[in-house]
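I have placed the structure first, in the form of structure tokens, so that the comments after it can refer back to it.
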Amino acid sequence: MKIGYLQFKPELLNAKANTEKVSDMISGGTCDLLVIPELANSGYLFKSVDELVNVAENPDDGKFCGMLKKISGETKCHIIAGFCEKAQDNGNTVYYNSSILVFPDGKYRIYRKTHLFYDERKFFIPGNTGFWVYDIYSEKYGNVKVGMMICFDWIYPEAARTLALRGAQIICHPSNLVMPYCQNSMYTRAIENQVFTITANRIGLDVNGSDRVGFTGGSVILNPKGEYLSRASVDKEELNVVEIDPSAAKNKFINEKNNLFDERRELFYFRNSS
Ligand code: ACM
């Protein structure tokens, strides 16, 4: 099956421009699964919650998610994209740093970022979905299990491990990475879980008044052996697609004697018992 990522530079607080740009870049593409960076509709560097009002959207009727559903329906590609989500909580409007998995039939699933990074807590509430795995259909391989985590979730090995224990064959990882560690660390996430990983990072600078932050690009796809199937530049917009056999992620034998998951000894692992 064909899996890929879009690496691009969103325009801060300009949901219309970002929706048009992503649409232009992914329309007509042919792949089974495409991953798009974190907060792709809004950009990253907010200064106040007020700024989210015009860019955040409800996935049922938002324009960015609507565009993804339309393109998924046309191309039969499953699309996972980070977006700024608006939701209701006990009558209050709240915001999540979320990703959406869009199926070609228009259905969707949402993951809300569990581990918020740095100032994100000022704008978003921590995700309440947990880490779940969904079947996407590939003509050649039938149902393939995919899971989502967002950017800073990578630094908690438990995130990828939970997805892998739930059967994920491909971990999809929309990102806005600012530190240089993740792209190389995904090598370990792939090996220690024997899964494929797709990290779709953004590039460029967000500037908001006197604040600025740069993003590190270098989107990566790895296979369960830790081989880099794709590695993007640090500063260019790119859409890259590779061919994989997802069944490789079902084999959890490291060698003929060691099975990664069967030999876990949970008894000795730290668990907060409270
Ligand atoms: C990050 O979690 N966006 C660094």
Side-chain angles (χ1 to χ4, degrees), residues 1-11 14-43 55-86 96 98-112 132-148 150 168-176 196-203 219 221 229-230 232 236-246:
M1 70 186 281
K2 289 187 171 149
I3 64 172
Y5 59 81
L6 172 71
Q7 171 170 295
F8 83 114
K9 180 192 180 311
E11 203 175 299
N14 193 341
K16 184 169 183 293
N18 294 328
T19 303
E20 285 168 9
K21 183 168 194 174
V22 170
S23 172
D24 286 349
M25 292 186 81
I26 69 172
S27 289
T30 51
C31 65
D32 299 290
L33 175 65
L34 182 71
V35 185
I36 297 175
E38 178 183 10
L39 295 173
N41 64 331
S42 60
V55 286
E57 64 177 54
N58 178 318
D60 281 329
D61 57 12
K63 290 199 168 79
F64 181 76
C65 293
M67 173 276 294
L68 299 176
K69 290 175 199 165
K70 177 168 172 288
I71 292 178
S72 175
E74 287 165 2
T75 60
K76 308 297 174 224
C77 176
H78 301 81
I79 304 174
I80 288 177
F83 76 108
C84 182
E85 184 192 0
K86 184 182 342 194
Y96 292 101
S98 297
S99 63
I100 185 168
L101 159 60
V102 178
F103 295 83
D105 66 2
K107 294 201 177 82
Y108 69 83
R109 295 284 181 269
I110 298 291
Y111 165 70
R112 292 170 170 163
W132 293 100
V133 165
Y134 305 102
D135 282 329
I136 65 168
Y137 184 74
S138 138
E139 229 160 68
K140 192 158 168 198
Y141 296 99
N143 283 337
V144 175
K145 294 194 182 304
V146 303
M148 296 180 270
I150 297 178
Q169 293 163 263
I170 308 173
I171 292 180
C172 302
H173 184 210
S175 296
N176 277 187
F196 292 89
T197 66
I198 309 173
T199 297
N201 195 19
R202 62 160 287 182
I203 57 164
S219 299
I221 301 180
L229 304 183
S230 177
K236 293 193 181 47
E237 297 194 321
E238 297 180 36
L239 193 158
N240 290 316
V241 174
V242 300
E243 179 81 36
I244 65 159
D245 173 353

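Residue numbers start at 1 and run along the sequence shown. Note that these values count all heavy atoms, side chains included, but never hydrogens, waters or copies made by symmetry.
For the residue pair F64 and A81, the shortest heavy atom distance occurs at CE2-CB, 4.1 Å. Between I110 and M148, the closest heavy-atom pair is C-CE, 4.3 Å. Annotation for K2 and C31: closest pair O-CB, 3.6 Å, computed over non-hydrogen atoms. Residues A232 and N240 approach most closely at CB-ND2, 4.4 Å, considering heavy atoms. Taking both residues in full, the closest heavy atoms of D135 and F103 are given as O-CE2, 3.2 Å, listed atom of the first, atom of the second, then distance. Scanning all heavy atoms of the two residues, the minimum distance from F8 to M25 falls at CB-SD, 4.0 Å.
The main-chain N or O of N201 is found under 3.5 Å from a side-chain atom of S219 such that the two form a donor-acceptor pair. In this structure a side-chain-to-backbone donor-acceptor pair under 3.5 Å is missing from E38 to P174. In this structure a side-chain-to-backbone donor-acceptor pair under 3.5 Å is present from E57 to C65. In this structure a side-chain-to-backbone donor-acceptor pair under 3.5 Å is present from E237 to K9. No donor-acceptor distance shorter than 3.5 angstrom exists from the side chain of H78 to the backbone of L33, with no hydrogens or angles considered. Checked by atom type and distance alone, the side chain of S23 never pairs as donor or acceptor with a backbone atom of T19 at under 3.5 Å. Side chain of N41 to main chain of C84: a donor-acceptor pair is present (N/O by atom type, distance under 3.5 Å, no hydrogens or angles).
Here CD1 of I170 is found 8.5 Å from CG of D32. Values are rounded to the nearest 0.5 Å. In this structure, CG on L229 lies 8.0 Å from CD1 on I244, to the nearest 0.5 angstrom. Here the NZ atom belonging to K86 is positioned 13.0 Å from the OG atom belonging to S98, to the nearest 0.5 angstrom. Taken to the nearest 0.5 Å, the CD1 atom of I150 stands 10.0 Å off from the CD1 atom of I80. In this structure, SG on C172 lies 12.5 Å from OH on Y111, to the nearest 0.5 angstrom. Interatomic distance, I26 CD1 to L34 CG, rounded to the nearest 0.5 Å: 6.0 Å.
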For T30 and T75: C-alpha separation, side-chain torsions, deciding distance, then whether side-chain contact (heavy atoms from CB on, under 4.5 Å) applies. CA-CA 6 Å; T30 51; T75 60; over 6 Å; no
Intermediate values then yes/no, side-chain contact (heavy atoms from CB on, under 4.5 Å), I136 and L101: CA-CA 10 Å; I136 65 168; L101 159 60; 4.3 Å; yes
What's the verdict on side-chain contact (heavy atoms from CB on, under 4.5 Å) for I36 and L68, showing C-alpha distance, side-chain angles and the deciding distance? CA-CA 10 Å; I36 297 175; L68 299 176; 4.1 Å; yes
Stepwise, does the side-chain contact (heavy atoms from CB on, under 4.5 Å) test hold for N18 with V55? CA-CA 10 Å; N18 294 328; V55 286; over 6 Å; no
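Among residue pairs with one or both ends in residues 65-74, those qualifying as side chain to side chain donor-acceptor pair (under 3.5 Å) are K70-E74; sequence neighbours excluded.
In this structure, the side chains of I203 and Q7 come closer than 4.5 Å at one or more pairs of heavy atoms. No side-chain heavy atom of C77 sits less than 4.5 Å from a side-chain heavy atom of I71.
Listed by chain and residue number, M1, S138, V144, D245, P246 satisfy the side-chain contact (heavy atoms from CB on, under 4.5 Å) test with Y141 (two or more places apart in sequence, or in another chain). With sequence neighbours left out, D61 forms a side-chain contact (heavy atoms from CB on, under 4.5 Å) with N58.
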